[in-house]
Amino acid sequence: MGKLKVFMVIGIATLVAISFGICGGAQGESVDWHQFAGEHEKILIAGCERVSFRALLDLIPEFEQKTGIKVTMEMIAEEELFTKRLLDATSGHGVYDVVWLDHTVQFARAGWTEPLEPYLNDPSLFDLDLYDMEDFVPTLKNWGLIDGKLTALPVGDAGVDILFYRKDLFEEKGLAPPGWDYTYDRLYEDAVALHNPPEYAGIVARVKRIYPLQWSSPIIWSYGARWFDCLEHPRRTVINSVDGQMAVSYIAKLVQDAAFEECAGYGPFEAASDFEQAKAAMFLDISIFMPWFEDPKKSKVSGKVGYALTPLGPRGRFANIWACMFGMTSYSKHKRATALFLYWATGPEITRRIALRAGGVARKSSWRDPDVMKQFPKDWVESCLTMMDYGGPEAPWPKISQFDSFLDIIGGGYQAVILGEKTAKESLDEAARLMDEVLQQE
Amino acid sequence: MASRNPTKVPILLVLPCVVALLAITIGPMIYAFNTSLHRYYLPSPKHPFIGFQNYLDILLRDPRFWNAFRIMIYYGVGAVAIEFVLGFIIALFLNEEFRGRRILSGVFMVPIIITPIVVGFTWRLMYKPTIGILNYFLRSVYLPESKWIFVPSSALLSLIIIDVWEFTPFMTLILLSGLMSLPREPLEAARIDGANSWQCFREIIFPLMKPIIMFAILFRLIDAFKWFDTIYVTTVGGPGTATETLSIYIYKKGLTWLYMGKAAAMSIMFLIFMIVLGNIIIKWANIKGFR
Amino acid sequence: MNNKLRLAAKTLIIVLVVSFSLFPLFWLLSISFKTRVDALSMPPKWIFVPTLANFGEIFRRGEFLGFCLNSIIVALGSTALALAFGVPAGYFLARRPSANLSFFILSTRLAPPIAMLIPFFVIFRRLGLTNTYASIIIMHLILNLSLVVWLMRSFFLEAPREMEEAALVDGCGPYRAFSLIALPVCATGVVAAAIFSFIYSWNELLFAMVLSGYSTHTVPVGMYGFITWEQIHWGELAAASIVAVSPVIVFYSFIQKYLIRGLSFGAIK
């Protein structure tokens with residue numbers, strides 16, 4: 001009789017323990033969502049007006065309900081955001097807890113961001129199994145690692161360089177659409193063949209001062225050139241190597257022979273609007289332009305655009321990959337709450353829901369999710385997903401603090417060649433010299 | 001003339017103005033000057049004192065600074081000259097009574113009222129060679145097209161056109177106000193004596209308007225040299241550096257590339273230049289009786 | 001014959017000037033009623049199906065009307081202050097010329113605004129004034145005071161002194177001489193000064209952008225919300241511009257009749 005009782009007690013106790021295990025941890029997640037309940041925590045985010053951030057903004061009330069933390073995301077225009085977050089950080093009285101960081105390195109080296117490892121290693125804030133760091137596109141995950149410390153996490157939309165082309169125009173001219181083995185030489189030939197002024201250009205490109213750098217990086221790397229001698233804390237600029245000169249000469253020739261002259265002043269808006277108004281046959285640029293080209297209310301070419309991989313160069317195929325990043329400020333007064341927010345906003349579930357509205361994101365699981373991707377053109381999804389594995393050696397950008405000077409000097413160097421003002425050697429030598437001066441002033 | 005007794009005008013009339021301006025400008029100027037004496041890269045924690053090194057670097061080793069200076073002069077002088085001539089013609093025209101005058105002068109003020117960034121973006125769209133409206137008009141009357149702000153050769157002129165469009169109303173309104181407060185007797189007397197329009201203008205209107213004219217040109221010139229908004233929105237100093245005025249260059253140096261020390265030094269030099277220029281204009285105007 | 005030629009020339013000038021001035025605004029107006037495809041299409045669509053969607057969009061967000069209100073407050077505030085401080089100062093400088101003082105007041109306008117941006121931001125942050133109207137209004141004083149002072153100085157210089165001196169001899173105090181005699185004569189100047197202060201303040205971008213907080217955004221700053229990196233939301237931007245221009249046009253048309261009326265004062269002189 002006594003033994004049975006003991007067995008029953010043990011049995012019931014075990015059952016109770018198991019059931020606790022099932023319910024108490026909600027699928028075994030270690031994160032404690034309620035740790036700030038009742039503490040009136042607040043977070044202020046310096047965000048930017050983008051589709052993906054709007055999507056995030058709409059999801060924030062869920063977070064607030066779940067945790068009791070009040071989150072305010074300011075949707076600031078980009079121009080203003082750059083100035084505001086800078087002034088905020090330097091004023092000594094900063095108010096932002098989370099900042100949209102495209103100048104990740106600069107902010108980190110200035111000491112304005114907070115390393116995230118302590119929070120990552122705290123199971124009550126980050127459940128690393130569920131979070132799955134490996135799900136991020138490797139290039140983007142590494143981009144947040146500065147001087148060995150994780151400083152930023154990808155959030156919202158992400159993009160990769162791909163080739164946009166007009167399927168109808170290619171068919172008309174009897175040209176084979178760009179495929180796996182499409183090279184830059186063939187790109188040039190096709191662009192020249194399709195160049196049909198004044199109706200439309202073979203290719204459209206944004207050549208306004210700093211922009212050529214962004215879409216031309218696949219070309220630079222595919223020719224074997226590099227911007228700097230090493231990725232972190234570079235000493236010398238090496239863009240003026242022989243490979244670099246060849247790459248930039250190619251770019252200049254492409255734009256001069258197959259694009260309208262006015263590309264010299266084109267920013268992203270002009271280039272995109274030319275393509276969407278059917279004024280160009282090809283466009284080598286970042287994938288986030290796709291929604292505008294496909295929107296029948298805005299675009300004349302919706303349904304006619306093909307999406308291909310970036311071409312093959314003499315030294316391989318590369319792409320530049322980019323995403324919005326969120327970082328925590330070092331002067332934040334709500335660091336733990338902010339960490340919890342970052343975990344939520346960059347986690348797989350929220351990223352997937354942002355992708356539903358915005359398209360490209362930084363997590364591969366979202367890209368593979370059928371619900372998300374069925375609303376986008378199939379070849380776009382495939383091309384982007386493939387290109388995500390071809391991140392270039394210096395992608396997305398070298399880890400230097402003087403990022404804007406870099407864009408201006410090197411971009412100006414390219415532009416001088418494209419405008420025909422200098423030869424590739426002269427211009428790149430000059431750019432390298434100026435850039436080295438800047439680097440030495442670190 | 002009756003005796004001028006200057007002490008009758010109380011100083012209290014001008015005191016609030018001076019105090020306000022002093023309060024607002026002294027502090028920042030001292031701060032800016034101090035910054036210009038340091039190597040001040042914003043994200044860096046160290047800002048070592050380097051004396052006048054920034055000034056020397058800019059003046060002697062920065063050709064882009066001189067380019068920006070030159071572009072600024074071209075832009076300012078070109079735009080203001082055109083605005084002055086056009087503005088005067090239109091003001092003379094609006095000075096006479098005719099039906100619909102009030103509506104017309106209202107209509108004419110519209111360009112200066114629209115927010116400069118909107119002006120910039122609108123003109124940027126109109127200037128687009130392929131899908132822009134201006135080239136469309138040129139094509140329709142068989143005139144040659146232009147690439148406007150998108151190529152270096154025509155960019156600066158295109159920007160001057162925008163400035164003329166935007167600020168001729170300023171000139172017009174100032175000059176018109178001046179014309180309207182002119183006393184009538186001299187003009188009527190001259191007309192009776194048989195003077196024609198050109199003589200009236202040269203001998204009577206122009207001399208009487210001199211203070212107003214000097215004000216208009218001085219202020220417009222200062223503003224044109226400092227001008228930032230529409231240039232930033234349309235070309236950001238490009239293509240290349242074809243439209244990079246000093247204002248744009250200072251902005252880029254300080255707020256984009258974060259070299260605050262250099263930007264502050266350039267700002268101080270800009271200020272000195274403007275002070276010298278202002279002095280020269282005023283002295284010249286005094287000599288010529290512009291008061 | 002001569003008259004007909006003059007009339008023809010005048011008409012031509014009117015037509016040219018009006019079309020040149022108005023065309024961009026007209027173009028903007030048409031874009032505000034077009035869908036995006038129509039707005040950018042070439043050849044331009046003169047005949048199109050108008051849509052109110054753009055206006056709907058800017059009002060739906062709700063923020064834009066707030067921006068207009070903010071801009072009105074800032075512009076009126078800074079105009080009032082600039083006039084209050086500047087008109088008497090202009091009178092003073094006209095009657096008691098002081099080259100140094102005049103030049104000092106002018107020199108406040110000479111510095112590029114960028115030089116003052118950071119120190120002001122820091123100061124206002126410390127004072128807790130960054131999200132208020134006061135900071136922007138104060139900064140706009142820099143822009144407007146010198147203009148008001150110098151404009152009024154020119155007008156007062158043009159105005160003859162005899163009437164004031166006669167009044168002074170009659171025992172009228174200097175303040176009354178200023179306000180009751182000199183001022184009405186130069187009313188056109190005051191009106192012009194008010195117009196320009198208002199307009200410059202309304203359109204000012206740099207200081208407003210840096211010093212305004214989320215709730216005190218002015219219209220130019222708000223416009224940037226329609227401009228993202230790759231897209232300019234033309235329809236909404238155009239619609240917003242049309243809406244933004246309206247208060248200024250109202251202010252101007254209300255006040256410009258005083259401009260024309262000034263003519264009669266000139267005659268009384």
What is the minimum heavy-atom distance between [X] and [Y], and which atoms define it?
X: A:K208; Y: B:T234; result: NZ-O, 3.2 Å
X: B:P239; Y: A:A264; result: CB-O, 3.9 Å
X: B:Y259; Y: A:Q402; result: OH-CG, 3.7 Å

For this session: Heavy-atom pairs under 4.5 Å with chain B are the metric here; pick the option from A:D274, A:L419, A:T90, A:L407 that has the most.
Result: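 Option with the top pair count is A:D274.
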Exercise. Between A:A201, A:G267, A:S273, which shows the greatest number of heavy-atom pairs under 4.5 Å with chain B?
Worked result: A:S273
Problem set entry | Option in B:A155, B:P129, B:P152 with maximal non-hydrogen atom pairs under 4.5 Å from chain A |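 Most heavy-atom pairs under 4.5 Å with chain A: B:P129.
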Proximity breakdown for [X] and chain A, heavy-atom pairs closer than 4.5 Å:
X: B:Y232; result: side chain
X: B:T235; result: backbone
X: B:F121; result: neither
X: B:P45; result: neither

For this session: Calculate, to the nearest 0.5 Å, the distance between atoms CG and CG belonging to A:L86 and B:L255 respectively.
Result: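 Answer rounded to 0.5 Å: 7.0 Å.
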Exercise. Quick one: OH on B:Y251 to OG1 on A:T83, what's the gap to the nearest 0.5 Å?
Worked result: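 If I round to the nearest 0.5 Å, the distance is 4.0 Å.
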Side chain, backbone, both or neither: which part of [X] has an atom under 4.5 Å from a heavy atom of chain B?
X: A:E421; result: side chain
X: A:F82; result: neither
X: A:F107; result: neither

Problem set entry | Within-4.5 Å side-chain heavy-atom neighbours: A:F403 and B:L258 | no
Exercise. Can you find a pair of side-chain heavy atoms, one from B:E244 and one from A:R209, that are under 4.5 Å apart?
Worked result: no
Exercise. Quick check: are there more than 12 heavy atoms from other residues, nucleotides or ligands sitting under 6.0 Å from CZ of B:R39?
Worked result: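 Not more than 12 within 6.0 Å, no.
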Exercise. Is there a donor-acceptor pair closer than 3.5 Å between any side-chain N or O of A:Q415 and the backbone N or O of B:G240?
Worked result: yes
Exercise. Would you find a donor on one side and an acceptor on the other, under 3.5 Å apart, between the side chain of B:K128 and the backbone of A:E270?
Worked result: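 Indeed, once roles are kept as given, a pair shorter than 3.5 Å links the two residues.
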Exercise. Salt bridge check: are A:D404 and B:K253 linked by an N-O gap of less than 4.0 Å?
Worked result: no
